[in-house]
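All remarks here apply to the structure that follows.
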Amino acid sequence: MTTSVQQILQNKGSAIHAVAPGSSVFTALELMARHDIGSVLVTEGARLIGIFTERDYARKVVLHGLNSKNATVGELMTQNILTVSPSHTIEDCMAIMTNNRFRHLPVVEKGEIAGIVTIGDVVKAVITDQSNTINQLHGYIAGDLQTGTPHGLLIS
Ligand code: AMP
């Protein structure tokens, strides 16, 4: 069975880490380090207005010689954010992340932020799905070996 975004959030929780657009890049990096994560959402009240990731720091701050204590997240965040809803599947998330070359997908339900799915969550869910399928197939084959009846040849 395919894992849904909702199932992922049930396991990992719906906590998100967010900063205001006026926060410094340094503050965002501190938050990422404290929680061992690679991105922060940028919110205005409850509204999602952007995302800022470690890659943004590397490419838009370090390479441009900016100072992380002066630069604000609002100036450098990505504003056109792609999101998923809890009913999306893990395959949907994988396709969006691969096609767009990013590793974070905020989950939005009825206009409210419901959590975030990362590439790590996706890989973990795919491995779990595949190992469940393999176990089912093992059970199926083992059952056949016990009865000595290949399923494909079962005739009543
Ligand atoms: P990442 O691989 O997630 O560190 O992100 C690579 C680039 O894509 C950065 O510029 C991010 O701001 C941007 N990005 C990350 N996640 C999203 C998303 N869900 N929608 C749009 N852009 C994103």
Side-chain angles (χ1 to χ4, degrees), residues 1-140:
M1 205 190 78
T2 294
T3 306
S4 68
V5 166
Q6 185 163 22
Q7 287 169 308
I8 289 182
L9 293 186
Q10 272 161 7
N11 287 335
K12 76 176 273 195
S14 56
I16 54 133
H17 301 288
V19 294
S23 303
S24 69
V25 165
F26 190 84
T27 299
L29 292 174
E30 275 185 325
L31 192 64
M32 289 188 218
R34 197 176 319 136
H35 296 283
D36 199 17
I37 52 175
S39 72
V40 288
L41 299 183
V42 188
T43 51
E44 219 158 32
R47 201 164 63 91
L48 176 64
I49 62 164
I51 186 164
F52 184 83
T53 75
E54 286 169 338
R55 191 171 289 182
D56 292 316
Y57 174 64
R59 298 195 180 166
K60 299 176 186 171
V61 180
V62 178
L63 284 181
H64 288 250
L66 297 181
N67 183 325
S68 64
K69 291 202 169 162
N70 298 332
T72 67
V73 167
E75 300 169 85
L76 302 166
M77 65 187 182
T78 300
Q79 296 186 49
N80 294 327
I81 319 160
L82 292 183
T83 62
V84 285
S85 71
S87 61
H88 275 96
T89 66
I90 208 63
E91 279 81 14
D92 296 330
C93 296
M94 198 158 48
I96 296 171
M97 287 181 182
T98 308
N99 292 338
N100 293 282
R101 294 175 180 274
F102 54 58
R103 295 162 290 183
H104 299 89
L105 267 177
V107 185
V108 175
E109 186 177 27
K110 292 179 191 148
E112 284 186 17
I113 307 169
I116 186 160
V117 170
T118 69
I119 190 79
D121 300 325
V122 171
V123 170
K124 199 169 147 193
V126 167
I127 290 171
T128 305
D129 279 356
Q130 286 180 351
S131 112
N132 288 341
T133 305
I134 290 168
N135 286 339
Q136 279 167 8
L137 288 173
H138 272 304
Y140 184 76

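The chain is numbered in sequence order, starting from 1. In each ligand, atom 1 is the first atom listed, and ligand 1 is the first ligand listed.
- In terms of protein heavy-atom proximity, atom 7 (C) of ligand 1 is closest to Phe102 CB, 4.2 Å.
- The line from OG1 of Thr128 to CD of Gln7 is 11.0 Å long, rounded to the nearest 0.5 Å.
- The Ile81 neighbourhood of ligand 1 comprises atoms 18 (C), 19 (N), 20 (N), 21 (C), with distances under 4.0 Å to a heavy atom of that residue.
- Remark: minimum distance from atom 13 (C) of ligand 1 to any protein heavy atom is reached at Thr78 OG1, 3.7 Å.
- At least one heavy atom of Pro106 sits less than 4.0 Å from an atom of ligand 1.
- If you check which protein heavy atom lies closest to atom 2 (O) of ligand 1, you get Arg103 NE, 2.7 Å.
- By heavy-atom distance, the residue among Ile51, Asn100, Asn80 lying nearest atom 21 (C) of ligand 1 is Asn80.
- Nearest-residue assignment for atom 20 (N) of ligand 1 (options Val84, Ile116, Leu82; heavy-atom criterion): Leu82.
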Exercise for review: Would you check, one step at a time, whether the test side chain to side chain contact (heavy atoms under 4.5 Å, CB included) holds for Ile51 with Val40?
Suggested key: CA-CA 6 Å; Ile51 186 164; Val40 288; over 6 Å; no
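- The residue among Val117, Asp56, Leu76 with a heavy atom at the shortest distance from atom 10 (O) of ligand 1 is Asp56.
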Review point. Going through the checks in order, is the side chain to side chain donor-acceptor pair (under 3.5 Å) test met by Glu75 and Thr72?
Key: CA-CA 6 Å; Glu75 300 169 85; Thr72 67; 3.0 Å; yes
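- Side-chain contact of Thr27 with Ser24: a donor-acceptor pair under 3.5 Å is present, judged by distance alone.
- Distances from atom 19 (N) of ligand 1 to the heavy atoms of Met77, His104, Gln79 show the closest one on His104.
- Using a 4.5 Å cut-off on side-chain heavy atoms (C-beta onward), Tyr57 and Ser68 make contact.
- Val123 pairs by the side-chain contact (heavy atoms from CB on, under 4.5 Å) definition with Ile119, Ile127, not counting sequence neighbours.
- When side chains are defined from C-beta on, Met97 counts as touching Leu105, because their heavy atoms get closer than 4.5 Å.
- Contact between Ile96 and ligand 1 is absent, with no heavy atom of the residue lying under 4.0 Å from the ligand.
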